[in-house]
Amino acid sequence: QVQLVESGGGLVQAGGSLRLSCAASGRTFSSNAVGWFRQAPGKEREFVATISWNGGTSYYADSVKGRFTISRDNAKNTVYLEMNSLKPEDTAVYYCAASTLRIGKTARGAYNFWGQGTQVTVSS
């Protein structure tokens with residue numbers, strides 16, 4: 001079992017930046033793909049980005065492509081989401097999730113372990 005804890009959320013003005021972290025404990029997730037998802041009030045949880053087990057492959061939702069960057073440091077058992085040029089529509093609770101697969105997918109069902117989420121609020 002792996003436990004995931006997100007951090008780094010907060011309140012930022014439009015155009016600003018934040019870096020989210022997802023730290024794993026319980027066991028390493030260096031063999032697992034990790035994804036970031038987000039859920040805005042009244043909306044379904046949606047895919048944001050995913051990174052393969054070794055960081056060699058990443059994939060982004062069209063809505064964040066070119067603005068967000070996912071990365072990982074397996075030595076620290078941590079995955080990051082660098083978010084730049086933030087928009088009010090990026091406001092949501094952001095969740096990280098680990099898959100048993102080595103290459104990440106966009107579907108929520110591909111992920112077995114989830115964190116509790118961190119709130120990101122972007123003001124206009």
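The analysis underlying the following values was restricted to heavy atoms, covering all of them including side chains, and did not include hydrogens, waters or symmetry mates.
F47 does not carry R108 over the face of its six-membered ring by the limits of under 6.0 Å from the centre and within 45° of the normal. Judged by a 6.0 Å distance limit and a 45° cone about the ring axis, R38 is not positioned over the six-membered ring of Y94.
Expressed to the nearest 0.5 Å, how far CG of N112 lies from OG1 of T100 amounts to 4.5 Å. Rounding to the nearest 0.5 Å gives a distance of 11.0 Å between CD of Q39 and CD of Q119. The CD1 atom of I103 lies 8.5 Å from the CH2 atom of W53; values are rounded to the nearest 0.5 Å.
Counting only distance, with no hydrogens or angles, the side chain of R67 and the backbone of S85 share a donor-acceptor pair below 3.5 Å. Panel note: side chain E82, backbone I70; no donor-acceptor pair is recorded below 3.5 Å. Here the side chain of N32 pairs a donor or acceptor atom with the backbone of S99 at under 3.5 angstrom. In this structure, the side chain of T50 engages the main chain of V34 through a donor-acceptor pair within 3.5 Å. Panel note: side chain Q13, backbone S123; no donor-acceptor pair is recorded below 3.5 Å. Listed for the T91 side chain is no donor-acceptor partner under 3.5 Å among the backbone atoms of E89.
Of the residues listed (L20, L81, N84), the one engaging F68 in a side chain to side chain contact (heavy atoms under 4.5 Å, CB included) is L81, and it is the only one.
Residue W36 is not grouped with residue Y80 when hydrophobic side chains (ILVMFWY) are merged at heavy-atom distances under 4.5 angstrom, including chains of intermediate members. Residues V48 and V120 share a hydrophobic cluster, clusters being chains of Ile/Leu/Val/Met/Phe/Trp/Tyr side chains in contact below 4.5 Å. Hydrophobic clustering (side-chain heavy atoms under 4.5 Å, transitive across Ile, Leu, Val, Met, Phe, Trp, Tyr) groups L4 together with V79.
With a 4.5 Å cut-off on side-chain heavy atoms, R102 and S31 count as touching. Between I51 and T57, the closest side-chain pair of non-hydrogen atoms is not below 4.5 Å. At a threshold of 4.5 Å between non-hydrogen side-chain atoms, the residues F29 and R72 count as touching.
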Item to check | Residues L86, L18; criterion side-chain contact (heavy atoms from CB on, under 4.5 Å); working and verdict | outcome: CA-CA 8 Å; L86 282 161; L18 283 174; 4.2 Å; yes
Next on the checklist: Run the side chain to side chain donor-acceptor pair (under 3.5 Å) test on T78 and D73 for me, step by step, so that the C-alpha distance in whole Å, both residues' side-chain angles and the decisive distance to 0.1 Å come before the verdict.
Outcome noted: CA-CA 5 Å; T78 302; D73 185 340; over 6 Å; no
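The minimum heavy-atom distance between A14 and S124, with the atom names listed, is CB-CA, 4.4 Å. Of all non-hydrogen atoms in V122 and D90, the two that sit nearest each other are CG2-CB, 4.3 Å. The two residues A24 and V2 have their closest heavy-atom pair at CB-CG2, 3.8 Å.
Screening residues 98-124 for ring pair (Phe, Tyr, Trp, His ring centres under 6.0 Å), with sequence neighbours left out, gives F37-Y111, F37-W114.
In K65, the NZ atom is crowded: over 12 heavy atoms of neighbouring residues, nucleotides or ligands sit closer than 6.0 Å.
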